[in-house]
Amino acid sequence: MVLYGPPASGKDTVTCELVALDARFRQFRRLKCGAGRTDGYRVVDAAQMQAVSDDLVWTNERYGAVYAVDRAGLIDALGEGVPVVHLGQPEAVAAVCNAVDDVQWLVVALWCDRDTARDRLRSRGSADVDERLDVWDQTPTLPPPACTINTGLVSPSAVAQLIADAVTARAASSSISRDCAEASPRP
């Protein structure tokens with residue numbers, strides 16, 4: 001599944017709630033080359049990033065670092081459960097959703113107002129609040145059919161429960177469709 005949104009929209013917090021709620025969920029650890037926070041990333045150097053460049057489905061540069069999503073990492077994560085991929089660009093969502101055949105990605109856009117984002121950034125001790133708010137300003141709204149949840153109004157646990165229910169319903173629907181197709185008589 002993809003959690004889309006600007007900085008401080010709640011991607012990390014909702015992911016923690018998802019992981020606590022249901023063992024199927026795991027944060028997808030994007031590749032990161034550069035300074036800054038390392039928690040939640042697979043940190044690589046420039047040579048390592050270059051070595052896997054043919055396998056990268058999305059890269060972006062922010063905050064003095066290069067971030068990437070790799071196809072092999074997605075495939076491995078899909079084999080272990082439901083990966084929760086954090087993204088902030090519509091083009092990245094399209095790239096990830098098209099990276100692995102026969103995977104139906106649930107895309108949930110998280111949002112909160114700018115004042116809430118600023119308060120969250122300050123409370124978590126971000127040193128680059130202004131830069132992250134600039135990115136918040138530049139993050140476009142996803143076109144439908146993404147589900148959008150205002151995390152300033154809905155608690156992280158409630159958001160996690162909504163997502164878990166949607167993933168379960170989607171899996172059941174996919175399984176039912178597949179079972180019905182396999183049970184249907186062929187001409």
Side-chain angles (χ1 to χ4, degrees), residues 1-19 22-111 117 126 128 131-132 134-149 151 159-160 163-164 166-167 170-171 174:
M1 71 145 309
V2 171
L3 283 183
Y4 173 87
S9 59
K11 296 182 293 290
D12 285 332
T13 303
V14 169
T15 299
C16 287
E17 290 288 335
L18 277 167
V19 170
D22 188 327
R24 295 178 298 171
F25 293 98
R26 290 186 173 74
Q27 180 174 352
F28 177 77
R29 296 173 57 230
R30 291 179 292 156
L31 297 171
K32 180 179 181 179
C33 177
R37 190 178 93 174
T38 58
D39 188 39
Y41 297 99
R42 291 176 286 149
V43 178
V44 297
D45 62 28
Q48 291 168 314
M49 187 72 85
Q50 181 60 40
V52 297
S53 63
D54 288 344
D55 191 48
L56 302 180
V57 300
W58 179 256
T59 61
N60 70 301
E61 294 184 37
R62 288 261 194 249
Y63 318 119
V66 176
Y67 302 86
V69 176
D70 60 315
R71 182 175 290 103
L74 288 174
I75 291 168
D76 288 347
L78 286 161
E80 296 173 5
V82 178
V84 181
V85 183
H86 295 184
L87 299 171
Q89 304 82 20
E91 302 84 2
V93 174
V96 167
C97 289
N98 292 312
V100 182
D101 292 336
D102 299 323
V103 175
Q104 293 182 0
W105 292 90
L106 173 66
V107 178
V108 177
L110 301 181
W111 184 87
S126 295
D128 54 357
E131 184 179 1
R132 290 182 186 272
D134 286 344
V135 173
W136 188 97
D137 292 334
Q138 297 166 17
T139 304
T141 303
L142 275 182
C147 168
T148 301
I149 301 172
T151 60
V159 173
I163 292 169
V167 167
R170 182 174 277 210
S174 175

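Throughout, numbering of the chain's residues begins at 1 and tracks the sequence.
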With the side chain counted from C-beta on, respond yes when [X] and [Y] share a heavy-atom pair under 4.5 Å apart, and no when they do not.
X	Y	value
Y63	P7	yes
S9	Y4	no
R29	Y41	no
V96	F28	no
Q27	V19	no
R170	V167	no
L87	V69	yes

Practice task
Could you list the residues that satisfy side-chain contact (heavy atoms from CB on, under 4.5 Å) with A68, not counting sequence neighbours?
Solution key: L31, M49, L56, T59
Tell me which donor-acceptor pairs under 3.5 Å the side chains of residues 71-82 have, and how far apart each pair is, sequence neighbours excluded?
unit_1, atom_1, unit_2, atom_2, d
R71, NE, A99, O, 2.9

Atom of [X], atom of [Y] and distance for their closest heavy-atom approach:
X	Y	value
A35	A65	O-CB, 4.0 Å
V44	Q48	CA-OE1, 3.2 Å
A23	R26	O-NH1, 3.5 Å
A109	L142	CB-CD1, 4.3 Å

Could you grab the distance from atom [atom1] of [X] to atom [atom2] of [Y], nearest 0.5 Å is fine?
X	Y	atom1	atom2	answer
L3	L106	CG	CG	8.5 Å
Q104	M1	CD	CE	14.0 Å
D70	R42	CG	CZ	4.0 Å
H86	D12	NE2	CG	5.5 Å
W111	I149	CH2	CD1	13.5 Å

Exercise for the section: Using a strict 4.0 Å threshold on nitrogen-to-oxygen distance, state whether R37 and D39 make a salt bridge. Expected result: no
Exercise for the section: Sequence neighbours left out, what passes side chain to side chain donor-acceptor pair (under 3.5 Å) with R132? Give chain and number order. Expected result: D128
Problem - L110 backbone acceptor or donor facing K11 side chain under 3.5 Å - result: no
